[in-house]
Amino acid sequence: MRVGVFICHCGNNIAGTVDVARAAEETAKLPHVVYSTHYMYTCSEPGQDEIKQAIKRENLDRVVVAACSPRMHELTFRRTVEKAGLNRYFFEMANIREHISWIGENKELNTNKAIEAVRMAVEKVIRDKPLHSTAFKINKRVLVIGAGVAGMQSALDCADGGLDVVLVEKSPAIGGMMARLDKTFPTIDCSICILGPKMVDVAQHEHISLHAYSEIEEIKGYVGNYQVKVRKKTPYVDWTKCTGCGECMEKCPTKNAYDRFNFGVAPTRAINIPFPQAIPKKATIDAQYCRQIQKGKCGVCAKVCRANAINFELPDQFVTEEVGAIIVASGYGLIDQELLPEYGGGRYPDVITGIQYERLLNASGPTSGHIQRPSDGTEPKSIVFVSCAGSRDKSIGIPYCSNFCCMYIAKQAILTKDHIPDSQSYVFYMDIRATGKGYDEFTRRAQEDYGAKYIRGRVSRIYPKGKKMIVQGADTLLGAKVEVEADLVVLATAATAAPGAAALAEKLHISYDTHGFYVESHPKLRPVETNTAGVYLAGAAQGPKDIPASVGQGSAAAAKVLALFSRDMLESDPAIARVNQNACVGCLKCVKTCPFQAIKEQELRGGEVVASVIETICAGCGVCTSTCPCGAIQLQHFTDNQLLAEVNSLCLS
Amino acid sequence: MNIEKLKEIVRTVLPSVDVVIGYKKGLDALHPVPCFVTSPDEIDALVLNPACTHNLAAYLPSLKKKTAVVVKGCESRTVVQLVQEGLIKRENVVVIGVPCQGVLSARKVLNAINHQPVVEAAFENDAVIVKTRKAETRLALNDVASDKCLTCQYPTPVLSDHLAGEQVESKVDEQAAYQDIRQFDAQSLEERRAYWLKEFDRCIRCYACRNACPMCVCRESCIAETRDPHWMSQKATLNEKMMFHMIHAIHLAGRCTECGECERACPMGIPVAKLKKKINMEMKELFGYEPGISIDDKPPMYTFKVEEEKIEEHKIR
Amino acid sequence: MSVVEGKELRIVGFLCNWCSYGGADTAGVSRFKQPTDLRIIRVPCSGRVDPLFVVKALINGADGVLVSGCHPRDCHYSDGNYYARRRLEMLKRFLPFVGIDARRFHYTWVSASEGQRWQQTVTEFTTLIHELGPTPAFPQDQTVLKEVRA
């Protein structure tokens, strides 16, 4: 065996705390190593060329690169060795950056550790077997989960690119959060005016099939071939018959149903169409409030419906969609006001949230765009905006910034002045985060042209006094306590992961961070990919973000899918389980434990039963290998012998 | 243990199977050997007494025939476990159960009679009378029974198509089933370590324990001997000996039916069954599972629960 | 670092590629300083970790073994860590029976985003192993064996 070792300086990232020259010198003495060198940036073009030349010059048949994490550059170097004529699996990486140079301060210990890391990699690489991918067909349909602005953008871009799109939205209508906004910053465009046409495009596109009021029940399969079971929740209305005339809504006697679309700003009916521009424009019964469903008495909607669409017995329905890729654009949620007891915890009607205020401002909202105090319907003259209501607050477990609040507060202050010229807005803020294009100018306009008074400091307490709300806080620039008498208080409540985000992640086998936001494959270089092949992210599901960023990610995710689907066949990862049928005793314990049902029973000609791996289904986890008592099923590239060699290289020596 | 009843059952069962596995007299009265009955004239050779110790269920996985097998309580668990794991088919086995009051440890008996050649042995309810050329010794069954019998919970077979004898209740209450293990656990870590070093040191790596084990189904693929995978060398060092016993014990996690064959087969008298019993105790505590009780169970190492009631996350200290 | 510099002990870590290996990467990217004793073996899934690897390491001179996978419910391969949990729990309860200190073997769950949790885990575990000291070796040469036999 002729192993070449290439130790990377990574500039000073590695060489700063690892003696790379000594590491190269020592590793050159290892068995099977015939060449060991160190290089400034092994991943650079000249660095990769050096590997290719050394393979030819030194007649290497195995390569070890000691550099950064294999999660970063394993693929890069596999391609390099492949270009030099080696099987791409005749390559191992020793992670001497993330696991050594960046975490240890003692150069000598780091260097020893790096040498051992290389020794382990050498022990593994000499046991690498050549592996070859097989090609399999892809199903060129894409599933988009969530029909907010990010998901719609993904769906439209994919559909315009000729792909069939399945769009699943859990609410009765598409549009997401953006459909609820009045105007958008920093242009003061009418939100629904720019979103509405996109919604219509989605509804009418020949390549998009929409499942509204539906959720993902189960996902099986792998990149290129997913089977997705979709639960179509029952609206108790036959949507094939419903014409969206709205008569049922007018006649429904239950007038106190919670209005999910309007975030409870005003009550709605038990049967309703969420908003005038709703797509699909179909009625849905909220079972929790429906008298017929709860008490078996009423049925008024069924009587007035001329289309005969009401069906109280309609069950949830299931459809299975087959797709090749999935874009997750499931959006975000908002914290409950109850988490903010110092701000009233939702007990005072005149302390509302930013999104509720958005509905008050909106011409199609419950107050037809007239700003009214929820308590008495009067027009507020003094309005206090509280930014970071929950955001950047470790004490409630939200250390992060919600990204868009600073901007929408400035927008709402401007709009307030437009609506009520004799009003005064106050904004309590921690910092003004206005880094986007035209954003800083916008927040300045709110202050300079619209007279909003910005007070740098946190609000400590809000309490009622007569008809007013007293907002107590600090002005940290003046170093003084401040008290403002307000008619209305608007809290910029923190953005959170969408309700159910974790459960969806578990179905998708993607990871999420401690706050429930989905984790991208690389924070800089793979921002819309996940670590699960074929699953992509768009919008605020990955972290709070504003409309332009969400739309950008929606398009980016679509581009990724279009690129994936530009080929007819995909290459499978050959690092999967393989059965040595001579050693297999046919106990089939592997069949029981395989998480993917990728192992089947096979009868040999002599009648013996053995295990057999279905290559396209095996995902390469290796649970079977550690189940098999006789080592007959081995996960390629992570075989028992390879892991044992690593253990032995660490322990026996 | 009723030999006449057993013979009667074998006579009725024999026409419907290819072979009946029972016991016949061996080189002396303390060592009966397995007996494969294929014709009625062989039935009279059958014997049945507390010296009949082999776990005959161990033959089942390799026999491709319809087989009737004589089993005591612990050995019936082997049958159940083999069926549960799909290693044998229930319909290919006729289980002839024998309620059991405990079997002899030949080693204990021979120690008691100073290893004199045995001429004859007679069995009573709770005693064995051993005749040598020089003397006749009466030994209480309890004193010379196999260790496994002292805490046996299943003296009556848990599964049988025919039962040769009356049901027997366990003499040990459930709490005491693992008393020997708990006692051992009560020692200090150093004491336990020293104990096993001394025991494993005697191991000659003959693999008799493995070969006798009815649940060791890997045969020539056993990873103690293969090169691919190459788990261990053939050196007779203490670490390799220990590794072998750890492999055996861990491969039996949730599968060992406590028949004690490993220990009986060991020529060096190493108490290897203890290792498996410890794991069984933990399996019972963790998953409420005992191997070889119900055909429909799933061995706990090959399944899981999303929420494990008994497994708490460990703190480092 | 609280752990004695210059006198390393042998700690072997088995880390699943998708969560814990990523968590260790995250810790590195964040420059979270850690003791240097740990050597990491990358496996696709904690379900790939045969408890016998842990035994092999401990018998052959490892002073500590750490296994880390995705949190329950988050396994990249859906169920791998559930199997790992059962197998490793069995092992942890079994080891002291043969005289191996169960504290020398720890299994836990660290996600790819939990760099800090990884740093804590490594630091705490390494500190503990240093407190326990080197694992007593299994005598292989005849002179030591005589003591055992005595």
Side-chain angles (χ1 to χ4, degrees), chain A residues 123-124 126-127 129 502-503 506-507 577-595 597 599-601 603 606-611 621-636 638-649 651-653, chain B residues 60-65 81-89 92 207 210 213-233 235 237 239-240 242-244 246-256 291 296-307:
Chain A
E123 286 297 320
K124 183 161 185 243
I126 58 171
R127 291 168 173 84
K129 302 251 166 57
E506 284 153 21
K507 288 173 189 157
R578 191 177 288 167
V579 180
N580 172 0
Q581 296 193 330
N582 293 324
C584 177
V585 295
C587 71
L588 304 176
K589 292 183 173 69
C590 52
V591 175
K592 291 191 185 96
T593 57
C594 175
Q597 292 84 46
I599 308 173
K600 62 175 199 274
E601 200 177 322
E603 204 176 300
E608 303 95 335
V609 169
V610 293
C621 64
V623 168
C624 55
T625 310
S626 48
T627 301
C628 179
C630 50
I633 188 164
Q634 290 289 331
L635 174 62
Q636 299 304 296
F638 291 95
T639 61
D640 281 346
N641 276 359
Q642 289 187 297
L643 299 182
L644 283 167
E646 289 184 86
V647 171
N648 290 342
S649 108
C651 295
L652 286 175
S653 50
Chain B
L60 295 174
S62 56
L63 280 180
K64 302 258 180 286
K65 294 176 171 175
Q81 189 64 23
L82 289 169
V83 174
Q84 192 194 100
E85 293 186 23
L87 295 163
I88 56 172
K89 291 206 167 73
N92 288 344
Y207 305 126
R210 178 199 70 190
C213 175
M215 299 312 298
C216 271
V217 292
C218 296
R219 301 189 296 266
E220 63 272 28
S221 299
C222 175
I223 61 166
E225 293 182 281
T226 53
R227 294 299 296 268
D228 189 6
H230 195 197
W231 276 87
M232 49 193 300
S233 75
K235 287 182 201 159
T237 52
N239 55 342
E240 294 293 57
M242 176 152 180
M243 189 68 203
F244 167 70
M246 295 297 274
I247 291 174
H248 193 187
I250 285 172
H251 277 179
L252 284 167
R255 305 175 61 230
C256 171
D296 302 321
D297 276 347
K298 249 188 154 185
M301 290 294 108
Y302 310 119
T303 183
F304 63 83
K305 280 186 188 163
V306 173
E307 303 288 345

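Labels below follow one simple rule: chain letters A, B, ... track the order of the sequence lines, proteins then strands, and each chain is numbered from 1. All values below were derived from every heavy atom in this structure, side-chain atoms included, with hydrogens, water molecules and symmetry-related copies excluded.
Contacts with chain A (heavy atom to heavy atom, under 4.5 Å) involve these residues of residues 224-233 of chain B, listed by number: B:Arg227, B:Asp228, B:Pro229, B:His230, B:Trp231.
The 12-atom threshold is exceeded at CZ of B:Arg210, counting heavy atoms of other residues, nucleotides or ligands nearer than 6.0 Å.
With a 4.5 Å cut-off on non-hydrogen atoms, A:Ala632 does not touch chain B at all. Residue contact with chain B, scored on non-hydrogen atoms closer than 4.5 Å, is absent for A:Leu588. Interface remark: A:Gln642 contributes no atoms to any contact with chain B (heavy atom separation under 4.5 Å).
Most heavy-atom pairs under 4.5 Å with chain B, from the set A:Cys590, A:Gly631, A:Pro629: that is A:Pro629.
In this structure A:Thr593 satisfies the side-chain contact (heavy atoms from CB on, under 4.5 Å) test together with A:Val623, A:Thr627, B:Tyr302, C:Tyr83, sequence neighbours excluded.
Note that CD of A:Glu608 is 8.0 Å distant from NZ of B:Lys64, once rounded to the nearest 0.5 Å. The line from NE2 of B:His251 to NZ of A:Lys589 is 10.0 Å long, rounded to the nearest 0.5 Å.
When all heavy atoms of A:Cys587 and B:Leu87 are compared, the closest pair comes out as CB-CD2, 3.7 Å. What you find for B:Ser221 and A:Cys630 is that their closest heavy atoms are O-CB, 3.3 Å.
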